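A short worksheet on the structure shown next.
This structure is a prediction, so every number in the text was calculated from the model and none was measured. Indexing begins at 1, ligand by ligand and atom by atom, following the structure's order.
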Amino acid sequence: MAPVRIKICGVTTPADARHAAEAGADALGLNFYPKSPRFLTPTAAAAIVRDLPPFTATVGVFVGTPMRQACAVAFQLGLRAVQSYNDHPPSDDPFPFAHVPAFRVADATQLDAVRRFVVAARAAGRAPSAVLIDSFVAGHMGGTGHVAPWHLLAGFDPGVPVILAGGLTPENVADAVAAVRPWAVDVASGVESSPGVKDPDKVARFVRAVRDCH
Ligand SMILES: O=C(O)c1ccccc1NCC(=O)[C@H](O)[C@H](O)COP(=O)(O)O
């Protein structure tokens with residue numbers, strides 16, 4: 001099995017970000033959603049990006065932001081990817097950024113919507129680089145700590161890589177990988193001591209747990 005990639009989402013300080021990168025995270029999420037406890041201004045995000053080792057990917061998290069505007073922030077900061085929560089394929093080409101639409105899933109119908117999104121985006125020449133599947137919690141866009149429906153996701157193949165998010169922790173991530181076989185895993189609250197504050201020990205244990213998956 002190819003190694004499962006790891007994104008640590010919602011880092012809020014250069015020290016937390018650097019530690020996650022040094023612990024072995026492949027990617028870090030920088031959250032630009034003002035209602036999130038993990039929210040960053042572009043200036044604060046720039047300080048984080050500047051301080052990272054060279055080979056760690058940075059992903060901008062945007063909720064309801066027009067793609068053109070999200071790409072402008074990504075361009076300014078030199079981000080690798082744009083994770084978006086818009087409900088339809090972008091009408092602007094996110095090139096040169098990897099586009100990762102995020103979906104909050106509670107039932108099988110919503111997985112059909114993910115498949116349809118990928119087909120429509122591909123037909124428009126804007127296939128996503130991956131899709132992020134998160135749990136559905138009414139009134140919350142992400143970072144909820146609630147587990148996604150792994151049983152629905154086993155064998156789910158939308159035609160692009162799947163990033164599994166939602167309620168992952170150092171303790172349950174190996175079971176999640178065994179059940180879903182995702183291309184990557186994503187965690188925010190499960191490696192924190194309080195909202196927006198990463199716990200270095202939890203981050204290191206999360207990365208080790210994923211690296212130990214076979
Ligand atoms: O983390 C947030 O506060 C957040 C708020 C609004 C939209 C997205 C958000 N996070 C995006 C992520 O990719 C999280 O890692 C994902 O939702 C999983 O979070 P968690 O269940 O806390 O691990």
Side-chain angles (χ1 to χ4, degrees), residues 4-13 16-17 20-21 23 25-41 44-45 48 56-67 69-70 73-74 79-87 97-106 110 114 128-150 153 161-177 179-180 182-199 202-203 205-207 209-210:
V4 177
R5 283 78 170 173
I6 301 168
K7 169 168 159 269
I8 304 290
C9 198
V11 290
T12 58
T13 66
D16 281 1
D26 299 289
L28 302 178
L30 303 173
N31 195 315
F32 298 101
Y33 180 48
K35 291 184 186 165
S36 170
R38 305 172 183 93
F39 170 70
L40 292 171
T41 62
I48 291 175
T56 306
T58 44
V59 180
V61 176
F62 299 89
V63 177
T65 309
M67 187 55 73
Q69 205 176 312
V73 174
L79 306 184
R80 172 69 191 103
V82 169
Q83 177 177 325
S84 71
Y85 289 75
N86 305 320
D87 290 322
F97 308 105
H99 180 216
V100 181
F103 299 88
R104 301 176 306 139
V105 168
Q110 286 152 333
V114 179
S129 303
V131 292
L132 183 141
I133 306 294
D134 206 341
S135 52
F136 178 85
V137 178
H140 296 273
M141 297 308 293
T144 65
H146 284 253
V147 173
W150 300 347
L153 296 169
V162 170
I163 304 169
L164 176 66
L168 298 177
T169 65
E171 289 73 33
N172 72 9
V173 69
D175 289 342
V177 168
V180 177
W183 175 78
V185 290
D186 171 295
V187 61
S189 58
V191 292
E192 290 178 339
S193 52
S194 61
V197 180
K198 295 298 185 248
D199 177 323
K202 288 184 187 176
V203 170
R205 287 195 293 115
F206 188 90
V207 171
V210 178

Inset, instruction - Would you please determine whether G10 falls within less than 4.0 Å of ligand 1 on a heavy-atom basis? - result: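 Checking ligand 1 against G10, which is what was asked, there is no heavy-atom contact under 4.0 Å.
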
Inset, instruction - Look at ligand 1 and say whether E192 reaches it with a heavy atom at a distance under 4.0 Å. - result: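 It does not; every heavy atom stays at 4.0 Å or beyond.
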
Legend entry - More than 12 heavy atoms of other groups within 6.0 Å of R80 CZ: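 Incorrect, the count does not exceed 12.
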
When you measure from [atom] to every protein heavy atom, which one gives the shortest distance, and what is it?
{"atom": "atom 6 (C) of ligand 1", "value": "Y33 CD2, 3.4 Å"}
{"atom": "atom 1 (O) of ligand 1", "value": "R38 NH1, 3.0 Å"}
{"atom": "atom 3 (O) of ligand 1", "value": "S36 OG, 2.6 Å"}
{"atom": "atom 22 (O) of ligand 1", "value": "S189 OG, 2.5 Å"}
{"atom": "atom 16 (C) of ligand 1", "value": "D134 OD2, 3.2 Å"}
{"atom": "atom 15 (O) of ligand 1", "value": "D186 OD1, 2.4 Å"}
{"atom": "atom 12 (C) of ligand 1", "value": "C9 SG, 3.4 Å"}
{"atom": "atom 9 (C) of ligand 1", "value": "N31 ND2, 3.5 Å"}

Taking N or O atoms only and a 3.5 Å limit, does [X] qualify as a polar contact for ligand 1?
{"X": "V61", "answer": "no"}
{"X": "A188", "answer": "yes"}
{"X": "G143", "answer": "yes"}
{"X": "G167", "answer": "yes"}

Could you pull out the closest heavy-atom pair between [X] and [Y], with the gap in Å?
{"X": "A130", "Y": "P101", "value": "O-CD, 3.2 Å"}
{"X": "F103", "Y": "V131", "value": "CE1-CG1, 3.8 Å"}
{"X": "L168", "Y": "V185", "value": "CD1-CB, 3.8 Å"}
{"X": "S189", "Y": "T144", "value": "OG-C, 4.2 Å"}
{"X": "A70", "Y": "T65", "value": "N-CG2, 3.9 Å"}
{"X": "T12", "Y": "P37", "value": "CG2-O, 4.4 Å"}

Legend entry - Option with minimal heavy-atom separation from atom 11 (C) of ligand 1, where the choices are Y85, F39, F62: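 Residue with the shortest heavy-atom distance to the ligand atom: Y85.
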
Inset, instruction - Tell me which one of K35, Q83, M141 gets a heavy atom nearest to atom 13 (O) of ligand 1. - result: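 Selected option, by shortest heavy-atom distance: Q83.
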
Inset, instruction - Determine yes or no for a side-chain-to-main-chain donor-acceptor pair under 3.5 angstrom, with N172 supplying the side chain and T169 the backbone. - result: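 It does hold such a pair.
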
Inset, instruction - Give a yes or no on whether the backbone of R104 and the side-chain of D134 come within a donor-acceptor separation of less than 3.5 Å. - result: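 No; zero donor-acceptor contacts below 3.5 Å.
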
Output the distance between atom [atom1] ([X]) and atom [atom2] ([Y]), rounded to the nearest 0.5 Å.
{"X": "H99", "Y": "S84", "atom1": "NE2", "atom2": "OG", "value": "3.0 Å"}
{"X": "S36", "Y": "H140", "atom1": "OG", "atom2": "NE2", "value": "11.5 Å"}
{"X": "L40", "Y": "T13", "atom1": "CG", "atom2": "OG1", "value": "9.5 Å"}

With heavy-atom distances below 4.0 Å as the criterion, list the atoms of ligand 1 near [X].
{"X": "V63", "value": "7 (C)"}
{"X": "G166", "value": "18 (C), 21 (O)"}
{"X": "K7", "value": "13 (O)"}

